[in-house]
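Some notes on the structure that comes next.
Residue numbering restarts at 1 for every chain, and letters A, B, ... go by the order of the sequence lines. All figures in this text were calculated on a predicted structure; none of them were measured in a lab. All values below were derived from every heavy atom in this structure, side-chain atoms included, with hydrogens, water molecules and symmetry-related copies excluded.
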Protein chains: 2
Amino acid sequence: MQIGDLSRETGVNIETIRYYERSGVLPPPARQDNGRRVYDAADVRRLGFIRHARDLGFDLQSVQTLLALQEQPQASCADASRIAQAQLDEVERRIARLQNLQLELSRMVTECRKGVVAECRVIEALSTPLS
Amino acid sequence: MQIGDLSRETGVNIETIRYYERSGVLPPPARQDNGRRVYDAADVRRLGFIRHARDLGFDLQSVQTLLALQEQPQASCADASRIAQAQLDEVERRIARLQNLQLELSRMVTECRKGVVAECRVIEALSTPLS
DNA sequence: CTTGCTCCTGTAGTCACTACAGGTTGTAGC
DNA sequence: GCTACAACCTGTAGTGACTACAGGAGCAAG
């Protein structure tokens, strides 16, 4: 299985796969005689894991820790749990922040009477420091 | 007023102010004989506007458009309204996405029994493709 | 034997900053 | 006048997680 097949199977961009290898989150694969990378089913699983963790907002550093943990089934999963909890906290902070933005933006938009800039609530709201 | 004063008054990092100038979102200020930048009250307002818009998640491109609009009080504010609406849509998409993550992460965390990795729900959830 | 696809390496670009190196200028104290 | 030291200057590089591209090699089909 070549890099293109792995890309198609996981939906991960070829350049991104090579980038993951460079950053150490994917192990350097075997090579064919012509120098092309060869992957197997384990790489598909590993890349799926990475993709899923990235989608959940984990950074590559955390992904690498989680992957290392996954490969030691007898280790304590306290670290994994701690990383996930930290990520959950972060997600909740982001949600709260975005909900504030949502409120402010929707006020701006609904109060805009589509007139001229001089009376525009959007522009005015941006010009006014937050109370 | 020098760059350090502007920085203190707006809370914007000096390096960031110079970066805004480089990227064209702040106009190149006048210079003293010694080459130092001089700012006035209009720059404080402009930078406050930029800061506020950035806090609301507008990218510098949009900020520049909004600033240009602000300086044409007789123009239609349809553009400003459109940009704000697009930003609102984007914020709402991000909130929805983050709420999915929150659900998935909190399931992971509450189902983790703090045992070994082999039975860890966090690791398992990451290994399992999304349904 | 040419076309076109996939692959390779290495480098640079993206966004919005941030940091640092190496230099000049201004100010305050002695 | 001398010495510190802060504040400023330019220019460049680093961040994270990619993405894009240049320039080349290998391989299969027509």
Side-chain angles (χ1 to χ4, degrees), chain A residues 1-26 28-40 43 46-67 83 86-87 90-91 94 97 101, chain B residues 1-26 28-40 43 46-67 83 86-87 90-91 94 97 101:
Chain A
M1 174 179 216
Q2 303 199 147
I3 198 165
D5 307 309
L6 180 62
S7 171
R8 267 182 299 280
E9 230 167 280
T10 58
V12 177
N13 197 320
I14 290 183
E15 316 261 23
T16 306
I17 295 173
R18 287 196 282 249
Y19 168 72
Y20 285 163
E21 182 183 333
R22 271 203 308 286
S23 21
V25 69
L26 266 183
R31 301 282 185 142
Q32 288 172 351
D33 288 352
N34 54 23
R36 298 191 175 189
R37 292 169 176 82
V38 214
Y39 297 98
D40 59 18
D43 294 306
R46 194 176 177 109
L47 191 49
F49 185 102
I50 296 169
R51 199 62 265 167
H52 192 184
R54 288 287 306 125
D55 284 347
L56 285 169
F58 292 96
D59 59 23
L60 282 184
Q61 174 77 317
S62 304
V63 174
Q64 205 161 353
T65 309
L66 289 168
L67 268 167
I83 293 172
Q87 186 59 23
E90 176 60 29
V91 165
R94 277 191 227 164
R97 204 175 126 67
L101 304 192
Chain B
M1 174 179 216
Q2 303 197 147
I3 198 167
D5 307 308
L6 180 62
S7 171
R8 267 182 299 279
E9 230 169 280
T10 58
V12 177
N13 198 318
I14 290 183
E15 316 261 25
T16 306
I17 295 173
R18 287 197 281 249
Y19 168 72
Y20 285 163
E21 181 184 334
R22 271 203 307 287
S23 20
V25 69
L26 267 183
R31 300 282 184 141
Q32 290 172 349
D33 288 351
N34 53 25
R36 298 191 176 188
R37 293 169 175 82
V38 214
Y39 297 98
D40 60 18
D43 293 306
R46 195 177 177 110
L47 190 48
F49 185 101
I50 296 170
R51 200 62 264 167
H52 191 183
R54 289 285 305 125
D55 284 347
L56 285 169
F58 293 97
D59 60 22
L60 283 183
Q61 174 77 319
S62 303
V63 174
Q64 204 160 356
T65 308
L66 289 167
L67 268 167
I83 292 172
Q87 185 60 20
E90 176 61 28
V91 164
R94 277 191 227 164
R97 208 174 122 67
L101 303 192

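Atom CG of A:L101 sits about 9.5 Å away from atom CZ of B:F58, to the nearest 0.5 Å. A distance of 10.0 Å separates CD1 of B:I83 from CD of B:Q87, quoted to the nearest 0.5 Å. Atom CD1 of B:I17 is separated from atom CG of B:L6 by 4.0 Å, given to the nearest 0.5 angstrom.
Proximity of A:T16 to the phosphate of D:dT19: a side-chain N or O atom is located under 4.0 Å from OP1 or OP2. Of the side-chain N and O atoms in B:R37, one or more sit less than 4.0 angstrom from OP1 or OP2 of D:dT10. Residue A:R51 places none of its side-chain N or O atoms closer than 4.0 Å to OP1 or OP2 of D:dA17.
The nucleotide whose nearest atom lies closest to any side-chain atom of B:Y19 is, among C:dT18, C:dT9, D:dC21, C:dT18. In this structure, of D:dC18, D:dC27, C:dC17, it is D:dC27 that holds the atom nearest to the side chain of A:N34. For A:R31, taking side-chain heavy atoms from C-beta onward, the closest of the listed nucleotides D:dC9, C:dT9, D:dT19 is C:dT9. The side chain of A:E15 has D:dT19 as its nearest neighbour among C:dC17, D:dT19, C:dA19.
In this structure, A:I3 and A:R18 approach most closely via the heavy-atom pair CD1-CG, 3.5 Å.
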Any protein N or O atoms within reach of nucleotides 1-6 of chain C? Criterion: under 3.5 Å, listing atom names and distances.
unit_1: C:dT6; atom_1: O2; unit_2: A:R36; atom_2: NH2; d: 2.8

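Of the N and O atoms on the side chains of A:R51 and A:Y20, at least one donor lies less than 3.5 Å from an acceptor on the other residue.
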So B:R37 and B:R31, side-chain contact (heavy atoms from CB on, under 4.5 Å) or not? Walk me through it.
-> CA-CA 5 Å; B:R37 293 169 175 82; B:R31 300 282 184 141; 3.4 Å; yes
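With sequence neighbours excluded, the residues that form a side chain to side chain donor-acceptor pair (under 3.5 Å) with B:R94 are B:E90.
Taking for each of A:R22 and B:D33 the nucleotide of DNA chain C with the nearest heavy atom, the 5'-most of the two is the partner of A:R22.
Within the 4.0 angstrom heavy-atom criterion, only backbone atoms of the sugar-phosphate kind lie near B:R54; the bases stay farther away. B:Y20 comes within contact range of the sugar-phosphate backbone alone, with a heavy-atom separation under 4.0 Å but no base atom that close.
Atom CD1 in B:I17 sits roughly 14 Å away from atom C1' in C:dT18 (whole-Å rounding).
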